[in-house]
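All heavy atoms count here, side chains included; hydrogens, waters and symmetry mates do not.
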Amino acid sequence: MFTALVAFIIVIAVCVIVHEYGHYITAKILGVQVHEFSFGMGPAILQHRNPKTNMLWSWRLFPVGGFCRLAGMNEDEEDEIVIPGMGFDEQPAWKRFLILLNGSLFNILLAVILMAAFLYGHGVLDMDSTKIGEIMPGFPSEIAGMRVGDEVLSVNGEKVLRWREMSEKVRAESLKNENVNLEIKRGEEILSLNLQIPNNEEYGRPMLGVAPSYVRYGLFRACRSALGYTYRMTSMMLRGFYELITRRQEADVTGPVGIASMSGKALRSGFWDFLTFIAIIALNLGILNLFPIPALDGGRLLFVLLEMIVRRRLPEKVEEWIHTAGFVLLISLMILVTCKDVYNLFFTH
């Protein structure tokens with residue numbers, strides 16, 4: 001439980017602080033006054049006010065969110081003075097659009113950076129070669145004397161270049177022939193191994209008993225591949241949301257309790273698993289916040305975008321009422337999801 005709590009706080013702290021920093025730094029660059037930057041909700045337990053800018057930095061009791069409070073967003077306190085021309089509501093639409101957008105973009109950028117760090121520091125299974133990274137005990141590979149680092153060149157005389165091609169060829173030949181001949185490159189030496197690969201009852205198919213090696217990318221390739229991974233994960237998320245909306249699949253929504261449980265498991269699995277988990281949560285937070293739902297950044301962005309198109313601003317009271325209603329609905333949904341998570345945690349195991 002303690003591990004899950006610590007992991008949850010780290011995940012939320014990293015994702016929320018990066019998100020709010022995106023709003024903060026964009027506001028500062030565009031000349032908008034910032035009253036407060038806070039991590040957490042509820043009463044403040046740590047506070048520091050910058051004497052030069054009069055901006056407040058705070059850490060609050062409940063580590064389940066955060067905010068960057070800008071001047072001119074109807075959140076000014078009685079003793080706070082808004083410098084003329086520096087209020088959020090006084091800015092042109094394009095500035096407000098960028099400030100609202102960059103919270104989510106910083107989350108997406110965080111996901112890309114963490115994925116690049118994973119590819120550079122840890123690496124992924126090398127599916128573009130046939131080099132063996134693991135020999136499974138008791139399987140035909142070990143019995144035949146195969147070693148880690150061996151490279152499979154051909155299967156029954158047919159050349160293979162990639163792991164999937166090699167794996168499928170070995171399986172097909174095992175079903176057709178009693179023996180399978182593998183041509184192996186070991187250092188500078190070329191070896192020929194004749195193996196029997198029977199059907200494995202546990203897996204339900206012939207198993208050679210090898211796994212691919214890991215490959216660590218160079219910095220440039222890691223960054224380029226991280227963009228590709230992030231794009232594919234985003235596509236999968238959006239496809240999942242579409243299928244959820246069109247009822248092609250059942251809803252499986254997780255709240256803070258569920259995320260805490262998963263955070264703990266990821267942390268116990270090791271540093272790199274935890275790093276990729278943070279990347280996934282950051283990407284989810286970034287994408288979800290862009291959805292055109294009232295009270296989320298995406299809802300506010302929609303109103304600013306409509307203003308840029310029709311050249312008219314929605315009455316302030318109307319927009320405030322819509323966002324308040326959206327906030328109430330989101331909180332209600334979070335409570336329901338949290339109750340479901342608690343029930344699953346204590347009553348379905």
Side-chain angles (χ1 to χ4, degrees), residues 9 12-107 110 285-286 289-290 292-308 312-331 334:
I9 291 173
I12 296 301
V14 170
C15 294
V16 168
I17 288 172
V18 168
H19 181 93
E20 298 303 333
Y21 186 77
H23 294 314
Y24 164 78
I25 195 63
T26 310
K28 295 292 284 186
I29 290 170
L30 296 179
V32 175
Q33 183 182 352
V34 182
H35 286 317
E36 182 180 0
F37 187 104
S38 176
F39 170 67
M41 308 297 284
I45 52 177
L46 286 174
Q47 288 185 323
H48 171 73
R49 189 174 293 278
N50 188 320
K52 293 182 180 179
T53 62
N54 202 38
M55 180 187 151
L56 184 67
W57 299 85
S58 62
W59 182 290
R60 295 177 180 267
L61 183 61
F62 305 110
V64 289
F67 57 86
C68 176
R69 194 161 53 84
L70 306 179
M73 287 192 75
N74 297 319
E75 296 175 349
D76 310 297
E77 296 181 359
E78 290 183 6
D79 58 340
E80 290 176 333
I81 299 171
V82 179
I83 301 171
M86 293 186 67
F88 178 82
D89 59 341
E90 300 174 78
Q91 307 306 312
W94 69 269
K95 283 190 177 184
R96 287 181 276 123
F97 188 89
L98 285 178
I99 292 169
L100 292 168
L101 177 67
N102 278 358
S104 288
L105 289 189
F106 267 55
N107 277 135
L110 172 64
L285 181 62
N289 255 289
L290 289 177
I293 300 171
L296 295 182
D297 290 339
R300 297 181 185 278
L301 281 167
L302 179 62
F303 287 122
V304 176
L305 191 61
L306 289 172
E307 178 190 338
M308 293 167 74
R312 286 187 62 186
R313 198 164 181 174
L314 195 69
E316 188 177 305
K317 290 290 184 184
V318 175
E319 184 175 342
E320 186 179 337
W321 183 88
I322 292 171
H323 288 310
T324 301
F327 179 76
V328 171
L329 287 173
L330 285 174
I331 292 296
M334 184 177 288

Legend entry - Non-hydrogen atoms of Val82 and His35 that approach each other most closely: CG2-NE2, 4.2 Å

Inset, instruction - Quick one: closest heavy-atom pair of Gly40 and Ser38, and the distance? - result: O-OG, 3.7 Å

Legend entry - Arg313 backbone acceptor or donor facing Glu307 side chain under 3.5 Å: no

Inset, instruction - Sequence neighbours left out, what passes side chain to side chain contact (heavy atoms under 4.5 Å, CB included) with Pro92? Give chain and number order. - result: Trp94, Lys95

Legend entry - Pairs involving residues 54-74, ordered by first then second residue, that meet ring pair (Phe, Tyr, Trp, His ring centres under 6.0 Å) (sequence neighbours left out): Tyr24-Trp57, Phe37-Trp57, Phe39-Trp59

Show me the side-chain donor-acceptor pairs of residues 99-106 shorter than 3.5 Å, one per line, residues at least two apart or across chains.
from: Asn102; atom 1: ND2; to: Thr26; atom 2: OG1; distance (Å): 2.8
from: Ser104; atom 1: OG; to: Gly286; atom 2: O; distance (Å): 3.0

Inset, instruction - Would you please name every residue forming a side chain to side chain contact (heavy atoms under 4.5 Å, CB included) with Asn50, sequence neighbours left out? - result: Lys52, Thr53

Inset, instruction - Spell out, as yes or no, whether a donor-acceptor pair under 3.5 Å connects the side chain of Arg96 to the backbone of Gln91. - result: yes

Enumerate, atom names and distances included, each donor-acceptor pair closer than 3.5 Å involving a side-chain atom of residues 27-34, sequence neighbours excluded.
from: Gln33; atom 1: OE1; to: Ile83; atom 2: N; distance (Å): 2.8
from: Gln33; atom 1: NE2; to: Ile81; atom 2: O; distance (Å): 3.0

Legend entry - Heavy-atom side-chain proximity of Arg49 to Asn54 below 4.5 angstrom: yes

Legend entry - Note, Val304 side chain near Met308 side chain (heavy atom, < 4.5 Å): yes

Inset, instruction - Measure across Met41 and Gly66 and return the closest heavy-atom pair with its distance rounded to 0.1 Å. - result: SD-N, 3.8 Å

Legend entry - All salt bridge (Lys or Arg N to Asp or Glu O under 4.0 Å) counterparts of Glu90, not counting sequence neighbours: none

Legend entry - Contacts of type salt bridge (Lys or Arg N to Asp or Glu O under 4.0 Å), residue Arg69, not counting sequence neighbours: Glu36, Glu77, Glu80

Legend entry - Residues forming a side-chain hydrogen bond (donor to acceptor under 3.5 Å, both in side chains) with Asp297, sequence neighbours excluded: His19, His23

